[in-house]
> 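One structure follows; several queries about it will come next.
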There are 2 protein chains.
Amino acid sequence: MRSRIECKDCASNKCFVKQNCFGESLANISSKKNDNFNKKGDVIFREGNTMRGIYFIMHGAVKVATSSPIGREQVVRLASDGDILGHRVLGNDKYYFNAIALSDTHVCFVETSVFKETCLSSPEFAYRLLLFYALELRRTELRVKYHSQMNIREKVAEAFVYLNEIFGIDPDKKTLNVELSRKEIADIAGTTPEQVTRQLNDFEEEKLILRTKRDIQILNAEGLENIVRNYKIN
Amino acid sequence: MRSRIECKDCASNKCFVKQNCFGESLANISSKKNDNFNKKGDVIFREGNTMRGIYFIMHGAVKVATSSPIGREQVVRLASDGDILGHRVLGNDKYYFNAIALSDTHVCFVETSVFKETCLSSPEFAYRLLLFYALELRRTELRVKYHSQMNIREKVAEAFVYLNEIFGIDPDKKTLNVELSRKEIADIAGTTPEQVTRQLNDFEEEKLILRTKRDIQILNAEGLENIVRNYKIN
DNA sequence: CGCGTCCTTGAACCGCGTCAAGCCAGGTGG
DNA sequence: CCACCTGGCTTGACGCGGTTCAAGGACGCG
């Protein structure tokens, strides 16, 4: 999977930053950053707030979602260790989505000016950022396709594949490394909690997953991926 | 609107590159680029092809879409003068979508190596690219939200708002600066040609648009934007 | 034990995609 | 100049998938 280096600023031994991303560059500006620690459910930033900088996730799970007072919220992105939040910082704008911690999280805040300076003085850093953006953009474009063409079965499968891709599965317990309610899964898949339940029934019958208490064990991740992949063929 | 500078490499007087984007930097590498001229409907690159470089649109209208042999194709992005195509070039990958000309188009091809070199030697250039990516990413994330939450009426309205944003409206004829079939509009909105027709009926009753022959005149662009904006509130 | 929260399940409704027929405009050939 | 053909647009009817609503169940917590 991802190669990682340990984070020096955090007590947790689960605290890493992706080596292939911003680890070293971040060390250079470490004197000018702020560390924030969030509990599960905390809002890291909120739609409409003025951007003051960019966040690096040192460790933890975060969802970026639209706020919608009534009814569904839509998760547009999942992020974890080493990812960045608040992309549009460069354009001196407002945040367009809410970032909410899905687990206890350690993020590192860097002010816009410092960030811009770092980009301009270090082409290496800017280039890495470009790679990050390019990957993220592709992922998001794919999701546009998925959400406009897939049926519910495929969307729910895709949600689990996406969750696995970003957060991974605990090798012992076989569960995702985040705990999510039906509603939260539905918000990622773009449907309702009831539909998620029904799909989980089907997946269980097909031995792709197993439900124990509130937990969902992923028995056959490949099977779920196949549902997504088979869709692609059409 | 967008400020632009004239393009030196093309006979057409409609040929521009966005000034706030890559104009000057592009001039620096002009000795190493290739100019391509495409007719409406031409495929600029195709899903699965190996990426050899990146394309700058000097002038013209382009859609980036999924290929799907049976049925719907989904447009994930619209692009015009000064935009770039083939983002993932940096990662030495394959193209994930098809790029198809929606009008006669002049694109400029730059090889990956040249492009990377330019990024690394010119932080200014890389930084501008970052801004471009950040904007594009936000736009795409919004589209994920739209496509998973909007109803047909809103999606079709959003398609026209998006088309207006990227290609603009002819001030005299009041029509979009691209000609699109019902199917093509449907592929952007993520629905079927029949539904597009039905929504156009409604929009015409509400005096938002007017259909003359095959043309669609946008009488009240703001009205269409309001449909999209009012949705956002919920 | 009782309460609250989340999950599950069934049933009803409805929006939207699908299918099919008819229409209109432009192009072609007699 | 008209008859015919073709391809895209329009319109109505129908059926399915998915959302919504409501009731019941499981679990955790005080």
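Every chain is numbered from 1, with letters handed out A, B, ... down the list of sequences. Quick note: numbers below take in every heavy atom, side chains included, and nothing from hydrogens, waters or symmetry partners. What you see is a predicted model, and the numbers here were worked out from it, not measured in a lab.
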> To the nearest Å, how far apart are B/R182 CZ and C/dA25 P?
13 Å
> How many whole angstroms separate atom NZ of A/K155 from atom P of D/dG18?
8 Å
> Quick one: are B/R138 and B/Y133 in side-chain contact, heavy atoms under 4.5 Å?
no
> Mind running salt bridge (Lys or Arg N to Asp or Glu O under 4.0 Å) on A/E165 and A/R139 for me, showing each step along the way?
CA-CA 11 Å; A/E165 189 182 340; A/R139 217 200 296 276; 2.2 Å; yes
> Would you kindly give the CD1-to-C1' distance between B/I209 and D/dT10, to the nearest whole Å?
13 Å
> Between C/dG17 and B/T191, is there an OP1 or OP2 to side-chain N/O distance shorter than 4.0 Å?
yes
> For salt bridge (Lys or Arg N to Asp or Glu O under 4.0 Å), just list the numbers for B/E158 and B/K145, CA-CA rounded to whole Å, side-chain angles, deciding distance to a tenth of an Å, and then say yes or no.
CA-CA 12 Å; B/E158 199 270 338; B/K145 171 183 177 177; over 6 Å; no
> Using the ring of B/Y95 (Phe, Tyr or Trp, six-membered ring only), decide whether B/R46 places NZ or CZ under 6.0 Å from its centre and within 45 degrees of its axis.
no
> How many Å lie between CG on A/D215 and C1' on D/dA26, as a whole number?
15 Å
> Give the rounded distance in Å between these two atoms: CD of B/Q149 and C1' of D/dG18.
15 Å
> Evaluate salt bridge (Lys or Arg N to Asp or Glu O under 4.0 Å) for B/D104 paired with B/K40, printing each intermediate quantity in order.
CA-CA 5 Å; B/D104 293 355; B/K40 176 172 180 166; over 6 Å; no
> For A/G60 versus A/D81, what's the shortest heavy-atom pair and its separation?
N-OD1, 3.1 Å
> Quickly work out the A/Q199 CD to C/dC7 P distance and round it to whole Å.
16 Å
> Which letters describe nucleotides 9-15 of chain C, given B = protein heavy atom under 4.0 Å from base, S = only from sugar-phosphate, - = neither?
BBB----
> Measure CG/A/D187 against P/C/dC6 and give the value in whole Å, please.
13 Å
> Rounded to whole Å, how long is the line connecting atom CD1 of B/I216 with atom P of D/dG8?
16 Å
